Amino acid sequence: MDLPKAYIPKEYEDKIYKKWEDSGYCNPDNLETRGQARSFTISMPPPNATGVLHVGHTLGITIQDIMARYRRMRGDKTLLLPGTDHAAIATQNVVEKMLKKEGTSRHKLGREKFLELTKNYVEKNKSTINNQTRKMGASCDWSREAYTLSDKLSRVVSMQFKQMYDDGLIYQGTRIVNWCPRCCSTLADDEVEYKEQSAKLYTFKYSNVFPLAIATTRPETKLGDTAVAVNPNDKRYQKYIGKTYQVDFVGVPLKLKVIAENEINPEFGTGAVGVTPAHSFADSLMAEKNNLEVKKVIGQDGKILAGFGKYSNLKTKEAREKIIEKLKSDGLLENQADIKNNLSICYRCHTEIEPLPSLQWFVAMNKEFALKNPALIKKYGKKETTLKEISLWAVKSGEIKIIPEYFAKTYFHWMENLRDWCISRQLWFGHRIPAWYKNNEIYVGSDKPKNSGWVQDEDTLDTWFSSALWTWSTLLERKNFEKFNDLKEWVKNSPDIKNFHPTSVMETMHDILFFWVARMIIMTLYSLNEVPFKTVYLHGMVCDEHGKKMSKSRPETCIEPIEMSQKYGTDALRLSMVLSNAAGNSTRLSEQKIAGFRNFANKLWNIGRFIQLSTNNKQLTTNDKLTTDSCESSVVSCKTLADKWITSRINNLIKEVTDDLENFRFGLAGEKLYDFTWHELADWYVEIAKIPPYGGSAEVGQNSYKILIFIYKTLLKLVHPFAPFVTEKIWEYFGNGDLLIIEKWPQTDEKKITGQAEQDFELIKELITAIRSWRKENKKEPKEILKIQIAAPDKLVGSQKEIIDKLAKVDLEIVEKLVDKDLEIGNLKIKF
RNA sequence: GGACGAUUAGCUCAGUUGGCUAGAGCAUCUCGUUUACACCGAGGAGGUCGUAGGUUCAAGUCCUACAUCGUCCACCA
């Protein structure tokens, strides 16, 4: 069958994907007969089940798929494992918004009904996401598809919780937490965002009996002050340190102790700070040190609690205004200044955060526990460690390598300053905390207690708790998983864990390094006593053509991957994101860029078309056509300089591309393939193949087609990881037996790399280019055959007469000596 | 306030352990439909690699300072 004139991606892509999927080749179990020794695993970062794929996902999927396809072709046991994340808080927010539009709320529906609704919503999104992942060409193993809130993974989560609880690494306690009054939930430290705002800095005295004035932007929290802190070296205030005052602050009695704290900056405000242990992280530390009373002022609804007189039940801002009015009328307000400060807001709904004390569950980062895995203990050097210590060690020691390397610093900094991780959330959608209460008793377990009267904790777990287990929870045996009551037992009886863990590469965007990557390291080192992955590859942000982050709120800046795939083909989209980009760097994407790579796919296609059309009447034996895998370079013998040159070039290409892929230089590898295809193979060798006797029926001609076929087949294999659809389609057109996806990755044949041939041919290229340029400058008719004389020191130029004549449109004569010359290249003299 | 990254042709970016006469794509200009491809071919123009020093036989690449942009972290009441 003949290839059509142009490559029309949308006519082929879905069918090709179906072929891959039906072949079962993406499931490593089906390729066992090849006897691979190495395994290669990527747990694909699960997209949130809230929406559809955007270009950021496409970039990630592409890089992951390039690695997977390359490794599969190398013969490694390759697993690309797909899945979705339930994204607790994000999903609940979206569903709640939908309910609000319909005039109802989760509270009106009740927990059960709400969860059912959310489940349906998630199911719908999951199937959209999966189809889009297919559209992007991901060669993942759908038989192992996972979901963070599946029954299986939920059980893993409960078991992990129980184990950590038993080890004392999970505890319940009252601590100041970031509280979002809108979500009515806690937030982890890194789920808090900051927004600059203009604020007023009020300077006032609590009362006339208290000697010091303080400055604050939040006077309403001062209702809960139990101390005033000053710098111990501040001469103004030294005499007050240690004294306690009973004051009346806007009608509310306060007992204030003056304490000394080194952190207090005497230059700022009045140099005296009101300490509010219940509603400030910094103040709560001071309170702990100084044994201060913690007095709650603000409730979980964001309103002033009862017991504060006329301020009770007011929203914080209303209370603030009332308090300022009162201070003014009492003559206590000394100053109010406009300043800029940062407001902490919820990363999901952008509501102002209230730090407040609350009873929550935490993961202890600095508590010692014992390692059990002898291999890890040996490498680490001791048995006792903390989650923080072992996680720092994993990257410092090189057990985990981060690419680009400079992100390791960011990781260390974050890890070193990590506080205990608050994991309970007051949400409905998510993993319910596996703790039950009865009177004053508490029971923690993976199953609910047998006897009656126990009530389960109302809260759910932080969504990152379950995704932290992703690399291995997805690999645990799923058959009869309910029978396992012990996590260790389950791990031991899971062949996939043995075969595929630790995973090879974690490929994701750098913004998720803390949220997710760091937590996988923490949790996996704890439960499996091994690293979750050996390498972390971080890609950058995909920006619009002006370098701005694409954002849903500005739809005009967004490039929709599915739309682009329809228009230009998935291969073009993949190439446009990966080529000319290095790890960690953000990349700018534009439709124009994608169109450029559509042209490349078409170029590749048309080289195939040329080969097909020309070999049809070349009477090559079946063995020489593209129908076999006789792709070893030993089967071709080079007869001409051009043969030697292109064979040398492709072997160099194999070497370099392989090396680049091994070292995560995807952009560079892609560019080399692009250059070779267009500017070496198409522009030169294909053109030469058209020239008699190269393109004729003579022996040289037939041989050059054999070489062309060999080069092209090798190239298709090399390009396949980057542009899987077009290469697979061409492979199919040429009637090859099996799919390209499992073809053997080409091997470099060092003997065919010949510097001399490359150098000689470069000179011929240079000569042809120089003649063309001279023609143009001298305004020669394009079709006119020019007679030229060349004086050359050796036989090289003479031996390439046919090529030079045809490609430069000349009739070349070699002479011994030239008196005058029009052109000089190296030691060649040319006369027109 | 701290850390990290970027700064290379009009635009978007590559450039691996220093070896470069600094590359590509797009855009632009000239010419051309030659037996794959106009989603094409040929040729041209366009750069003191942010600035100032330093190391070196050799610096886009390494070091120091500065400037501009970006990202992350912390957050001072």
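Here the structure is a predicted model, which means the values were calculated and not measured. Here is the naming used below: chain letters follow the sequence lines, and residue numbers restart at 1 for every chain.
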- Rounded to whole angstrom units, what separation is found between the CD atom of A:Glu416 and the C1' atom of B:C72? 16 Å
- On a plain distance test, is the side chain of A:Arg665 in donor-acceptor contact with the base of B:U16 below 3.5 Å? yes
- May I ask which nucleotide in the shown strands pairs with B:C20, Watson-Crick or G-U wobble, both distances under 3.5 Å? none
- Query: Have A:Thr226 and A:Lys257 got a donor and an acceptor in their side chains that come within less than 3.5 Å?
  - Reply: no
- Item | Whole-Å distance separating the CD atom of A:Glu671 from the C1' atom of B:C13 | 8 Å
- Expressed as a whole number of Å, how far does the P atom of B:C69 sit from that of B:C20? 35 Å
- Euclidean distance for C1', B:A65 against B:G23 (whole angstrom): 30 Å
- Item | Length of the CZ-C1' vector between A:Phe664 and B:U16, whole Å | 15 Å
- Query: With respect to the phosphate group of B:C40, does any side-chain polar atom (N or O) of A:Asn599 fall under 4.0 Å of OP1 or OP2?
  - Reply: yes
- Item | Base partner of B:U35, which must satisfy Watson-Crick or wobble distances under 3.5 Å | none
- Taking the six-membered ring for Trp, are A:Tyr537 and A:Phe666 ring centroids under 6.0 Å apart? yes
- On a plain distance test, is the side chain of A:Asn342 in donor-acceptor contact with the base of B:C75 below 3.5 Å? yes
- Can a donor-acceptor pair under 3.5 Å be found between the side-chain atoms of A:Glu687 and the base atoms of B:A36? yes
- Query: Which whole-number value in Å describes the distance from A:Ile611 CD1 to B:C37 P?
  - Reply: 14 Å
- So, is the end of the A:Arg574 side chain (NZ or CZ) under 6.0 Å from the ring centre of A:Phe725 and within 45° of the ring's axis? no
- B:U61 and B:G50: how far apart are their C1' atoms, nearest whole angstrom? 16 Å
- Record whether the side chain of A:Lys593 comes under 3.5 Å of the base of B:C26 through a donor-acceptor pair of N or O atoms. no
- Item | Who pairs with B:G53 - Watson-Crick or G-U, where each distance is under 3.5 Å | B:C63
- B:C69 - base-pair partner by Watson-Crick or wobble geometry, distances under 3.5 Å: B:G5
- Would you call the rings of A:Phe597 and A:Tyr674 parallel, tilted or perpendicular if under 30° counts as parallel and over 60° as perpendicular? perpendicular
- Quantified in whole Å, what is the C1' atom distance between nucleotide B:A42 and nucleotide B:G53? 46 Å
- Please determine if a side-chain N or O atom of A:Trp414 lies less than 4.0 Å away from the OP1 or OP2 oxygen of B:A74. no
- Message: Work out how far the P atom of B:G32 is from that of B:A9, and round it to whole angstrom.
- Response: 33 Å
- What is the pairing partner of B:G10, taking Watson-Crick or G-U wobble pairs with both distances under 3.5 Å in any strand? B:C26
- Indicate whether OP1 or OP2 belonging to B:G25 is found under 4.0 Å from a side-chain N or O atom of A:His679. yes
- Have A:His679 and A:Asp683 got a donor and an acceptor in their side chains that come within less than 3.5 Å? yes
- Would you mind reading off the distance between A:Lys672 atom NZ and B:G23 atom P, rounded to a whole angstrom? 16 Å
- Should A:Ser590 be listed as having a side-chain N or O under 4.0 Å from OP1 or OP2 of B:C26? no
- Query: With both distances kept under 3.5 Å, what pairs with B:U48, Watson-Crick or G-U wobble?
  - Reply: none
- Is there a donor N/O on one and an acceptor N/O on the other, under 3.5 Å, for the side chain of A:Lys776 and the base of B:U30? yes
- Can A:Lys396 be said to sit on top of A:Phe412's aromatic six-ring, NZ or CZ under 6.0 Å from centre and within 45° of the ring axis? yes
- Task: Mark yes or no for a side-chain to base donor-acceptor pair under 3.5 Å between A:Lys5 and B:A36, with no hydrogen or angle criteria applied.
- Result: no
- Examine distances only and state if a side-chain atom of A:Lys593 and a backbone atom of A:Arg588 form a donor-acceptor pair shorter than 3.5 Å. yes
- Query: Between A:Tyr7 and A:Tyr12, does the ring centroid distance fall short of 6.0 Å?
  - Reply: yes
- Indicate whether OP1 or OP2 belonging to B:A14 is found under 4.0 Å from a side-chain N or O atom of A:Asn581. yes
- Task: Specify the separation, in whole Å, of atom CD of A:Gln592 and atom C1' of B:A27.
- Result: 7 Å
- For B:G43, does either OP1 or OP2 sit under 4.0 Å from a side-chain N or O belonging to A:Arg775? no
- Distance between the C1' atoms of B:C26 and B:U68, in whole angstroms? 26 Å
- Write down the distance separating the P atoms in B:U8 and B:C62, rounded off to the nearest Å. 16 Å
- State which residue, out of A:Trp516, A:Tyr406, A:Phe407, fulfils the ring pair (Phe, Tyr, Trp, His ring centres under 6.0 Å) condition with A:His510. A:Phe407
Please list, for nucleotides 2-8 of chain B, all pairs of protein and nucleotide N/O atoms separated by less than 3.5 Å.
residue: B:C4; atom: OP1; partner: A:Lys409; partner atom: NZ; Å: 2.9

- Query: Between atom CG in A:Asp805 and atom P in B:U34, what is the gap in whole Å?
  - Reply: 20 Å
- Item | Residue-phosphate contact under 4.0 Å: A:Lys690 side-chain N/O, B:G41 OP1/OP2 | no
- Message: Whole angstroms only, please: what is the CG-P distance between A:Leu3 and B:C39?
- Response: 18 Å
- Identify, with sequence neighbours excluded, every residue that meets side-chain contact (heavy atoms from CB on, under 4.5 Å) alongside A:Pro782. none
- For B:U17 versus B:C75, give the span between their C1' atoms, rounded off to a whole number of Å. 41 Å
- With distance as the sole criterion, do the side chain of A:Arg598 and the base of B:C39 form a donor-acceptor contact below 3.5 Å? yes
